[in-house]
Amino acid sequence: MAFLVGGCVRDLLLGIDPKDFDVATDALPEEVKRLFRNCRLVGRRFRLAHVFFGREIIEVATFRATSAPSQGEEPLADADPEDGEAPELDDAPVDADDDEPILDADPPPARIARSGAESMEDVSDDRHVDAHGRILRDNVYGTIEEDVWRRDFTANALYYNIADFSIWDYVDGMRDIESRTLRLIGDPETRFREDPVRLLRAARFEAKLGFRLDPATAKPIPALRELLGAVPPARLFDETLKLFLTGHGAKSFEVLRRRGLLASLLPTVNAYYTTHPESVVEKLLVQGLVNTDARVVSDKPVTPTFLFALLLYGPIAQHIEAAPPARWHELATILDACDRATREAQARIAIPKRFSLGVREMFALQPRLEHPRGRRALRVLEHPRFRAAYDLLLLRAQYGLAPEAMAQWWTRLQEVSVEERGRMADALSQEGGPPAAPARGRRRRRPRRRRPGPSTHA
């Protein structure tokens, strides 16, 4: 027996084109692997089967006991997000080398308890919970009647039976979808404590679907938001990408701030916008998220590097402005500010090095874009971070944080031929811009210093 389940069923009922399809079944992961040669087993807290069809992945989960973690609630090395919201990234996908470990060690092989039958092995030590009630590992299989109660929201707990085209609804999920209500299954405080990431998932679905958060579900959020501090940073990184790089980033930012969750996810970012309300930098961030959302809708690639450059713009600017004004445009000052802002963010979120280094490069290129030096400017076009840095320059110029004329010059430079680019660079120097540096490889001869003759001292 197998069902389509979760976000794909919800989206079909809402008239949204699902990005992928998840399957729930009574078959064990090992049985799925034997059935499909193009399958591999993944997951630490709970074993999942990934069936590959070209570049597509069908995630297959065995029915789980009531308290087992929800499908997609942990970052898997090569897995797509739970409800099909995986963005296309410019950078390489996140791999295991970049993530913090989810557990201290991999769990033992799954111990099985299903349909009330005698388990194959003892399961008494297979469920691990921390002091706050957060489930760390739960490799206990169950029935469909048990499986539905460990899912998070009623709208995500519908099972579509492909055998007779029926929808199995145990928790009034259809009613909540019709009323556009986001409601947790079970006692909200208990469910949030089991997995605090559900706090962020509530904000994400509120932003993505435009649902109204059920008052009982929303009530414990302010008191429990600090539980996010105990969540592994790698999981928070994954959830941050789902919040901001899946087509509803601007709305997610608004919901996170309104629910008080931004302070727990990115404390320094929230602190900056609390002390600088409705600032130009906040307008830049929101517009950048709007632009990113438009790229996702148009099926254009997006990158975590640009996202974190936007999110950390305020803290980076604050660190730069803490230095003497004469040093604001120095490369060392800019890079030090980027490093400090990134370290502060990494207290909660595990930002892989390839993305944090990308943020440094984007900000380091800003002085070179604002003050191009003749034909040396042409080499900037070949920099791997040029496009992202150029997009940031356009945003800064839009809000008066960079010269508008320079933004237009770089836009024109990319549109013309190679010969015209050379003429534009030469004209820039002749019109009073910084003089072009000597070509690399040719050494400028220093003037000879002559010793004064005896008559000089006469």
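Numbering of residues begins at 1 and proceeds along the displayed sequence.
L395 places a side-chain heavy atom less than 4.5 Å from the side chain of N291. Within the 4.5 Å cutoff, the side chain of V359 has heavy atoms near those of the I316 side chain. Looking at heavy atoms from C-beta onward, V269 lies in side-chain contact with P315 at the 4.5 angstrom threshold. Between F21 and L12 the shortest side-chain heavy-atom distance falls below 4.5 Å. For the pair L307/F355, no side-chain contact is recorded, criterion being any heavy-atom separation below 4.5 Å from C-beta on. Under the 4.5 Å side-chain criterion, counting only non-hydrogen atoms from C-beta, P188 is not in contact with K219. The closest side-chain heavy-atom distance from L213 to I221 is below 4.5 Å. In this structure, P403 and W409 have side chains that are not in contact, with every pair of non-hydrogen atoms separated by 4.5 Å or more.
We find the CD1-CZ distance between I185 and F153 to be 9.0 Å, quoted to the nearest 0.5 Å. Atom CE of M362 sits about 10.5 Å away from atom CG of L312, to the nearest 0.5 Å. The distance from the CG atom of L311 to the CG atom of N270 is 12.0 Å, given to the nearest 0.5 Å. Taken from CZ in R295 to OG1 in T303, the straight-line distance is 10.0 Å, to the nearest 0.5 Å. Summarising the geometry, atom CG belonging to D336 is positioned 9.0 Å from atom CZ belonging to R360; distances are rounded to the nearest 0.5 Å. Note that the OH atom of Y273 and the OG1 atom of T268 stand 10.0 Å from one another [nearest 0.5 Å].
Between R151 and N156, the closest heavy-atom pair is CD-O, 3.8 Å. Minimum interatomic distance between A216 and P220 (heavy atoms only, all atoms of both residues): O-CD, 3.3 Å. Considering all non-hydrogen atoms of both residues, Y399 and Q287 come closest at OH-CB, 3.3 Å. Residues L224 and L199 approach most closely at O-CD1, 3.6 Å, considering heavy atoms. The two atoms that bring L393 and A407 nearest to each other are CD2-CA, 4.0 Å, heavy atoms only. Residue R10 comes nearest to A155 through the heavy atom pair CB-O, 3.4 Å, listed as atom of the first residue, atom of the second, then distance.
R387 and Q414 share a donor-acceptor pair across their side chains, judged by distance under 3.5 Å alone.
One N or O on the side chain of S356 and one on the backbone of K353 form a donor-acceptor pair closer than 3.5 Å. Between the S179 side chain and the D176 main chain, a donor and an acceptor come within less than 3.5 Å of each other. For R257 (side chain) and L262 (main-chain N/O), no donor-acceptor pair under 3.5 Å exists by modelled atom type. Side-chain atoms of E226 do not come within 3.5 Å of backbone N or O of S264 as any donor-acceptor pair. For the pair R212 (side chain) and T181 (backbone), a donor-acceptor distance under 3.5 Å is absent. A donor-acceptor distance shorter than 3.5 angstrom exists from the side chain of T342 to the backbone of C338, with no hydrogens or angles considered. No donor-acceptor pair under 3.5 Å is formed between the side chain of R368 and the backbone N or O of A377. With S252 contributing its side chain and A207 its backbone, the two residues share no donor-acceptor pair below 3.5 Å. Side chain of R225 to backbone of P196: no donor-acceptor contact under 3.5 angstrom is found. Using modelled atom types, one side-chain atom of H276 and one backbone atom of Y272 make a donor-acceptor pair closer than 3.5 Å.
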Requested in this report: Please assess V23 against V51 for the test side-chain contact (heavy atoms from CB on, under 4.5 Å), listing each intermediate value before the final yes or no.
Outcome: CA-CA 10 Å; V23 174; V51 183; over 6 Å; no
Requested in this report: Could you check E344 against R340 for salt bridge (Lys or Arg N to Asp or Glu O under 4.0 Å), going step by step and ending with a plain yes or no?
Outcome: CA-CA 6 Å; E344 291 166 351; R340 292 179 63 184; 5.1 Å; no
Query raised in the report: Would F211 and E206 satisfy side-chain contact (heavy atoms from CB on, under 4.5 Å), going step by step from the backbone distance to the final call?
Result: CA-CA 5 Å; F211 278 25; E206 184 180 0; 5.8 Å; no
Report task. Show your working on salt bridge (Lys or Arg N to Asp or Glu O under 4.0 Å) between E382 and R379 and close with a plain yes or no. Result -> CA-CA 5 Å; E382 302 172 3; R379 293 203 295 272; over 6 Å; no
Query - Evaluation steps, side-chain contact (heavy atoms from CB on, under 4.5 Å), between I334 and I320 - result: CA-CA 6 Å; I334 294 173; I320 291 175; 4.2 Å; yes
Query raised in the report: Do R40 and F52 pass the side-chain contact (heavy atoms from CB on, under 4.5 Å) test, and can you show the C-alpha distance, the side-chain angles, and the key distance before you say yes or no?
Result: CA-CA 8 Å; R40 68 176 174 179; F52 293 81; 3.5 Å; yes
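For the side chain to side chain contact (heavy atoms under 4.5 Å, CB included) with P304, the lone residue among I351, L245, T240 that qualifies is L245. When the options R201, R183, R204 are evaluated for a salt bridge (charged side-chain N to carboxylate O under 4.0 Å, His left out) with D152, the one that passes is R201.
Qualifying ring-ring contact (aromatic ring centres under 6.0 Å, His included) partners for Y313, counting only residues two or more places apart in sequence or in other chains: F363. Listed by chain and number, the residues in a side-chain contact (heavy atoms from CB on, under 4.5 Å) with E419 are S417, R423 (sequence neighbours excluded). The side-chain hydrogen bond (donor to acceptor under 3.5 Å, both in side chains) search around Q346 returns none, not counting sequence neighbours.
Crowding of E278 atom CD: a count of heavy atoms from other residues, nucleotides or ligands under 6.0 Å not exceeding 12.
Aromatic ring pairs are classed by plane angle as parallel below 30°, tilted from 30° to 60° and perpendicular above 60°; the pair H329 and H371 is perpendicular. The aromatic rings of Y390 and F386 lie parallel to each other, their planes meeting at an angle below 30°, with 60° marking the opposite boundary.
A salt bridge links D11 with K208; the closest basic N to acidic carboxylate O contact falls under 4.0 Å.
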